[in-house]
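Data block below; observations after.
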Amino acid sequence: MKSARKIVLIGTGSVGASFAFAALNQDICDELVMIDLNTAKVAADAADMQDGLANFTAKVNVWHGDYSDCHDADIVVICAGIAQKPGQTRLELIQTNVKIASAITKDVVASGFDGIFLVASNPVDIISYAVWKTSDFAKERVIGSGTALDTARLRYQLSQLFNISARAINACVFGEHGDSEFVAWSIAKVAGVPLIDLLEDRQLNQEELEALYEKTRDAAYKIIEAKGATYYGVAMALTRICKAIFGDENELLMLSTLLQGEYGHEDVYISVPCILGRQGIRQVLTPELSAEEADKLAYSVKVLRENNPLIQEAK
């Protein structure tokens, strides 16, 4: 009998293990299966988490398994791949991680899996495209974590600036989860007030906005330089995405999805506002961007298409 909430996690490095821990502590699933090439480590991770279940009020089954466990999963979360090193951009991981993700996807699909793929491996937009192409799934069921993390970073920075809850901030990071991402300041709001009004009232200036953008965009580089990897933030973003799926929340999140004419672009995975529920991405929203922002989105699309080996090979 199919579990109501079963997740299979593939890749238990820093990001994967952090996601597993966050998922357990937030009680978002009934079953969590972990798969990794390093079988000794993944078995130890499972045992380590099992040791804590007696202190946990919810009943969750956690174990390490193999691809056959994917057949009745609701969500397969892909965190496998080589990690970003200090000074390295996400795009430099492309060739190796596309091959890894494509091989994983074939094994998952071969198990009979018919759920939702959630991709976190970098560069996440290009890896999500590879999973979509390889799986032949509907694009609504292949989701990249995209700029969900970047948007959370931005909202936190704005909440600190205005001394207000991040939940009162409506500001989004569009585009690549990487150096060509941008903030759509024209549609941003703070406690319901358009951010551009705060600029006009001189409560905020353009230099402060640019500093916030740069801090958001470059956050990963600074964290990686200091401790070798980023994992807690993206783990919490993945947990939030899974929660929205299992709860059929129809939540608005910034996710990497396939464009099919939105904003005049197609055949590229990139982050735009998405409505997410039990069946995956239910709707892609296209709030009006300023002319400058539309140009930035076009540039981000260009970067991703030019660096995507699957698109270039098809030419």
Side-chain angles (χ1 to χ4, degrees), residues 90-91 116-133 137-155 158 169-189 194-196 212-213 216-217 233-234 237-238 240-245 249-308 310-311:
R90 296 175 182 91
L91 292 178
I116 294 172
F117 278 106
L118 174 55
V119 182
S121 305
N122 277 320
V124 68
D125 305 290
I126 292 174
I127 301 303
S128 298
Y129 184 95
V131 172
W132 169 68
K133 274 287 191 183
F137 276 27
K139 61 115 174 180
E140 291 80 6
R141 294 195 292 125
V142 180
I143 303 166
S145 58
T147 60
L149 170 58
D150 310 81
T151 295
R153 285 170 172 156
L154 174 67
R155 290 177 177 173
L158 285 168
I169 306 292
N170 185 0
C172 302
V173 178
F174 279 67
E176 173 202 3
H177 174 54
D179 293 343
S180 69
E181 68 184 31
F182 67 96
V183 179
W185 295 119
S186 69
I187 58 174
K189 293 182 179 181
L195 193 138
I196 54 175
L212 279 171
Y213 159 68
T216 299
R217 181 196 63 195
V234 68
L238 291 170
R240 180 69 190 91
I241 294 167
C242 290
K243 184 175 181 291
I245 293 171
E249 294 182 7
N250 291 321
E251 180 65 79
L252 176 63
L253 296 169
M254 295 301 295
L255 303 170
S256 188
T257 189
L258 184 75
L259 296 190
Q260 296 179 309
E262 293 87 354
Y263 293 111
H265 304 293
E266 59 183 18
D267 197 34
V268 64
Y269 260 75
I270 200 165
S271 284
V272 290
C274 297
I275 303 296
L276 183 66
R278 191 65 177 83
Q279 303 306 313
I281 292 176
R282 183 171 65 81
Q283 185 179 359
V284 175
L285 303 184
T286 55
E288 185 176 356
L289 302 175
S290 70
E292 181 182 2
E293 290 162 356
D295 287 343
K296 289 179 178 179
L297 180 62
Y299 175 71
S300 201
V301 167
K302 180 174 181 287
V303 168
L304 288 170
R305 287 183 58 82
E306 288 182 349
N307 283 278
N308 190 329
L310 298 178
I311 291 177

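Val284 approaches Cys274 most closely through the heavy-atom pair CG2-SG, 4.3 Å. Closest approach of Tyr263 to Pro287, counting heavy atoms only: OH-O, 2.5 Å. Residue Leu276 comes nearest to Ala244 through the heavy atom pair CD2-CB, 3.9 Å, listed as atom of the first residue, atom of the second, then distance. In terms of heavy atoms, Arg217 sits closest to Asp179 at CD-O, 3.7 Å. Shown here for Arg278 and Ile116, the closest heavy-atom pair between the two residues is O-CD1, 3.6 Å. When all heavy atoms are compared, the tightest approach of Met254 to Cys172 is SD-CB, 3.6 Å.
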Could you give me the CA-CA distance, side-chain angles and deciding distance for Leu255 and Ile241, then say whether side-chain contact (heavy atoms from CB on, under 4.5 Å) is met? CA-CA 9 Å; Leu255 303 170; Ile241 294 167; 3.6 Å; yes

Yes or no on side-chain contact (heavy atoms from CB on, under 4.5 Å) for Phe174 and Leu289, after CA distance, side-chain angles and deciding distance? CA-CA 10 Å; Phe174 279 67; Leu289 302 175; 4.0 Å; yes

Report the C-alpha separation of Leu258 and Trp132 in whole Å, then their side-chain angles, then the decisive distance to 0.1 Å, and conclude whether the side-chain contact (heavy atoms from CB on, under 4.5 Å) test is met. CA-CA 9 Å; Leu258 184 75; Trp132 169 68; 3.5 Å; yes

List the steps and the verdict of side-chain contact (heavy atoms from CB on, under 4.5 Å) for Ile275 and Ile281. CA-CA 6 Å; Ile275 303 296; Ile281 292 176; over 6 Å; no

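Inter-residue side-chain proximity for Ile270 and Thr257 is flagged as unmet; no heavy-atom pair is nearer than 4.5 Å. At a threshold of 4.5 Å between non-hydrogen side-chain atoms, the residues Val303 and Ser300 do not count as touching. Residues His177 and Asn122 meet the side-chain proximity criterion, which asks for heavy atoms closer than 4.5 Å. Under the 4.5 Å side-chain criterion, counting only non-hydrogen atoms from C-beta, Lys139 is not in contact with Val142. Considering only heavy atoms from C-beta on, Asn307 comes within 4.5 Å of Ile126 through its side chain. Counting heavy atoms from C-beta on, the side chains of Cys242 and Leu118 come closer than 4.5 Å. Inter-residue side-chain proximity for Val268 and Tyr129 is flagged as unmet; no heavy-atom pair is nearer than 4.5 Å. Put simply, the side chain of Pro273 reaches to within 4.5 Å of the side chain of Leu252, judged on heavy atoms.
Every residue two or more places apart in sequence or in another chain was checked for a side-chain contact (heavy atoms from CB on, under 4.5 Å) with Ala152, and none qualifies. In terms of the side-chain hydrogen bond (donor to acceptor under 3.5 Å, both in side chains) criterion, residue partners of Arg240 (sequence neighbours excluded) are, by chain and number, Glu249, Glu251. Residues that satisfy the salt bridge (Lys or Arg N to Asp or Glu O under 4.0 Å) test with Lys302, not counting sequence neighbours, are Glu306. For Ser256, the side-chain hydrogen bond (donor to acceptor under 3.5 Å, both in side chains) criterion is met by Asp125, not counting sequence neighbours.
Note that OH of Tyr269 is 10.0 Å distant from CG of Leu259, once rounded to the nearest 0.5 Å. Taken to the nearest 0.5 Å, the OG atom of Ser128 stands 9.5 Å off from the CD1 atom of Ile143. Interatomic distance, CG of Asp150 versus OG1 of Thr147, reported as 5.5 Å (0.5 Å rounding). In this structure, CG in Leu253 is found 10.5 Å from NZ in Lys243, a value given to the nearest 0.5 Å.
Side-chain rings of Phe117 and Phe137 approach one another, their centers coming within less than 6.0 Å.
Each salt bridge (charged side-chain N to carboxylate O under 4.0 Å, His left out) pair with one or both residues in residues 283-301, not counting sequence neighbours, appears once here: Glu292-Lys296. Annotation: salt bridge (charged side-chain N to carboxylate O under 4.0 Å, His left out) contacts involving residues 254-274, sequence neighbours excluded, comprise Asp267-Arg305.
Judged by distance alone, the side chain of Tyr213 and the main-chain N or O of Glu181 form a donor-acceptor pair under 3.5 Å. Here the side chain of Arg155 pairs no donor or acceptor atom with the backbone of Asn170 at under 3.5 angstrom.
Remark: Gln283 CD is packed, more than 12 non-hydrogen atoms of other residues, nucleotides or ligands lying under 6.0 Å away.
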